Amino acid sequence: MESSSSSCHKHSSTSVEHPKAIIHIDIDCFYAQVEMLRNPELRSQPVGIQQKNIVVTSNYEARKYGIKKCMAVTDAIKICPNLKLVNGEDLHNYRAASNNIFAALQHWKCPVEKLGMDENFIDVTNLVEERIKSVKDDKITFVGHIYEESITECLCGCHLRLKIASQMAKEMRKKLFDELGFTTSAGIAHNKLLAKLICPLHKPNDQTTIFPEHGASFMSTLQSVRSIPSIGSKTTEALISQNIITVSDLQKVSVDLLKKHFSSDMAVRLKNLSIGEDNTPVKQTGKPQSIGLEDSFKTVSVKSEVEERFSALLQRLLVLVREDGRIPVSLRVTLRKKDVKRLSSHRESRQCQVSPSIFTINHGAPTVTEAGQQKLMTLIMRLFNKLIDLSKPFHLTLVGLAFTKFQERMTGRGSIVNYLMNDISVQSVLNITNDCDTSASSMDYSAASPSSSTTTDLSDGEVEPSPKKPKKVNWIAKRRCLSKEEVASPSKLKVGELRLNSRELEKVSELRLNSRDRSLTPRASPAKDNLSDTDTMKDGSEGGNCDECPSYVDKEVFNALPDEMQQELKAMWKNPSNSELPRSSPRIMNKAKSNTILKYFVPHK
DNA sequence: CGGGGACTGT
DNA sequence: ACAGTCC
């Protein structure tokens with residue numbers, strides 16, 4: 001992004017100062033719209049969405065009565081006695097709707113970043129550039145509101161770009177309404193900050209564009225620094241203590257003054273935000289990095305009730321994990337102690353590893369047996385014990401449960417490995433030999449996590465061995481065999497379905513440049529491999545990030561694979577009993593075959 | 001003051 | 001790992 005402008009910075013006539021076009025789309029009163037779509041009778045009535053004793057949002061009918069976000073239920077009913085309350089504690093439907101919206105926005109092939117459930121940023125810069133080439137300028141008209149008509153146009157061409165972006169915003173909003181039934185509001189600007197802040201100006205069901213030259217003056221109309229996204233209660237407190245209350249105040253103070261109370265980085269960022277400048281990129285949203293649930297309540301003070309709450313949460317959580325498709329490897333328990341002083345925030349948590357073998361792939365989805373659930377409950381209560389001294393009374397107001405790290409699942413529909421395993425050319429990469437018994441006992445099974453890890457070792461006979469003391473296993477003996485049909489089954493997936501996200505693609509190029517110093521397991525013991533005597537070993541050189549690779553694997557090919565897949569493969573080599581592998585003799589990857597694989601992973605040009 | 005998550009910093 | 005901050 002930056003490089004495009006620097007390449008022509010000498011020629012001010014072609015310099016692009018505001019090269020991007022960003023759309024922010026906000027679903028109007030999201031929860032309420034979801035409920036009204038489910039039950040159209042609600043449309044004509046005032047509706048509030050209730051979570052515990054709070055009305056978290058409401059439809060526009062209810063807002064006429066003065067219902068506000070996060071209002072107490074009792075207050076809301078006083079204001080509006082015939083308010084229809086819908087319980088919104090289970091977010092399942094909202095999450096599904098949110099995913100539908102996100103999916104619909106992928107249609108334009110632009111980066112889309114989700115912000116919470118009901119907001120999305122779309123970077124349409126590339127799309128705008130394409131359309132500029134293919135369409136006559138004078139046929140382009142604005143759609144929606146403009147924050148302030150400009151007398152003079154910015155020379156960088158951003159007005160034309162934003163004009164086109166305003167049309168795209170309209171198209172997107174139309175699609176969301178026609179296909180999903182949602183009314184939305186949109187903001188169009190050259191950065192995320194202004195796009196988000198300008199969005200509500202003509203809410204609901206309309207859109208607004210702002211030009212860069214009005215950024216600073218628009219920002220100064222905001223009353224509190226708090227209204228700037230990323231400035232929360234703590235930062236606001238710090239600013240107010242310096243007598244900086246409004247955005248206008250912030251515009252006037254020097255960066256040096258700010259540096260006395262914030263990190264240098266933060267000081268510069270704050271100053272830029274105040275004048276409407278923001279260079280943070282729209283980052284394509286992918287799979288979540290954690291999946292969790294919380295349950296809050298008045299007070300819980302007995303262990304058995306805690307256990308019941310966790311058990312209920314676990315049941316629900318396992319459904320979400322099944323839907324996600326990945327296998328979790330880390331579990332976190334959170335709780336909030338009753339504390340008269342602090343309000344909601346003060347949470348404490350403990351986490352530990354979970355053995356992936358607790359999960360089994362069933363009809364392509366990770367599931368847990370009854371016994372597995374017992375094991376998880378044991379882990380949970382053990383973490384709970386670390387947080388609470390049971391010899392003393394305790395009072396909790398919240399418990400939470402989250403899976404926080406994932407191993408891409410190794411088999412099943414949609415899995416990269418599943419796809420590749422159906423490709424004969426790749427079986428040689430994945431191949432596990434039947435005749436390396438001698439090497440099996442000397443394989444390096446060190447876990448990828450550094451031994452300095454402070455991960456709680458909760459292991460006993462029931463849980464995963466500690467990464468600190470890698471246990472040598474004979475993985476040949478433990479390995480499951482596949483039936484002929486499974487090995488021979490034709491690929492169920494089209495190449496097009498094997499789409500990597502941009503992060504993975506980045507990773508590939510990064511790895512290829514940089515495969516040398518990523519060794520995760522500095523070897524303490526030189527006692528390694530009799531593997532090197534295999535006839536398929538073609539490169540005896542040290543280095544690469546492939547220390548755990550069996551010798552028959554082509555390291556170049558391995559290093560070119562996406563990080564996640566590398567992790568999958570390493571996990572399989574480490575624990576073959578956990579995966580289903582084809583059983584055939586080792587082969588050297590031939591060059592032509594390698595290329596056919598690589599073309600799926602390496603970005604074109 | 002609900003129910004999720006992401007990111008940052010140590 | 002875990003807390004803090006933000007949405």
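Protein chains get the first letters and strands the later ones, always in sequence-line order, with residue 1 at the start of each. Atoms considered below: every heavy atom in the structure, side chains included; atoms not considered: hydrogens, waters and symmetry mates. Computed from a predicted model, the values in this text were never measured in an experiment.
With DNA chain B read from its 5' end, the first of the two nearest nucleotides for Gly292(A) and Phe297(A) is the one closest to Phe297(A). When each of Pro288(A) and Leu398(A) is assigned the nucleotide of DNA chain B with its nearest heavy atom, Leu398(A) is the one assigned upstream, toward the 5' end.
If you check residues 54-93 of chain A against DNA chain B, the residues with a heavy atom closer than 4.0 Å are Ile54(A), Val56(A), Glu89(A), Leu91(A), listed by number.
Evaluation of the salt bridge (Lys or Arg N to Asp or Glu O under 4.0 Å) test over residues 222-231 of chain A, restricted to residues two or more places apart or in two chains, returns none. The salt bridge (Lys or Arg N to Asp or Glu O under 4.0 Å) analysis of residues 184-195 of chain A, with sequence neighbours excluded, yields the pairs Glu113(A)-Lys192(A). The stretch residues 82-107 of chain A participates, sequence neighbours left out, in no salt bridge (Lys or Arg N to Asp or Glu O under 4.0 Å) pair at all. Among residues at least two apart or in separate chains, salt bridge (Lys or Arg N to Asp or Glu O under 4.0 Å) pairs with a member in residues 249-266 of chain A are Asp265(A)-Arg269(A).
Backbone-only contact: Ile228(A) has heavy atoms under 4.0 Å from sugar-phosphate atoms and none from a base. Among the heavy atoms of the strands, none lies under 4.0 Å from Lys114(A). Nucleic acid contact class of Arg95(A) (heavy atoms, under 4.0 Å, all strands): sugar-phosphate only. Nucleic acid contact for Glu119(A): none, since no nucleic acid atom lies under 4.0 Å from a heavy atom of the residue.
Gln289(A) has a side-chain polar atom (N or O) that falls below the 4.0 Å cut-off from OP1 or OP2 of dC7(B). Checking the phosphate oxygens (OP1, OP2) of dC1(B), no side-chain nitrogen or oxygen of Lys52(A) falls inside 4.0 Å.
The side-chain contact (heavy atoms from CB on, under 4.5 Å) with Met172(A) is formed by just one residue from the set Thr184(A), Leu105(A), Asn120(A), Ile101(A); it is Leu105(A).
Thr280(A) is linked by a side chain to side chain donor-acceptor pair (under 3.5 Å) to Asp278(A), counting only residues two or more places apart in sequence or in another chain. For the ring-ring contact (aromatic ring centres under 6.0 Å, His included) test, residues two or more places apart in sequence or in another chain that qualify with Phe121(A) are His24(A). Applying the side chain to side chain donor-acceptor pair (under 3.5 Å) rule to Glu308(A) yields no partners; only residues at least two apart in sequence or on another chain are considered.
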I'd like a list of close polar pairs between nucleotides 8-10 of chain B and the protein, N/O only, cut-off under 3.5 Å.
none

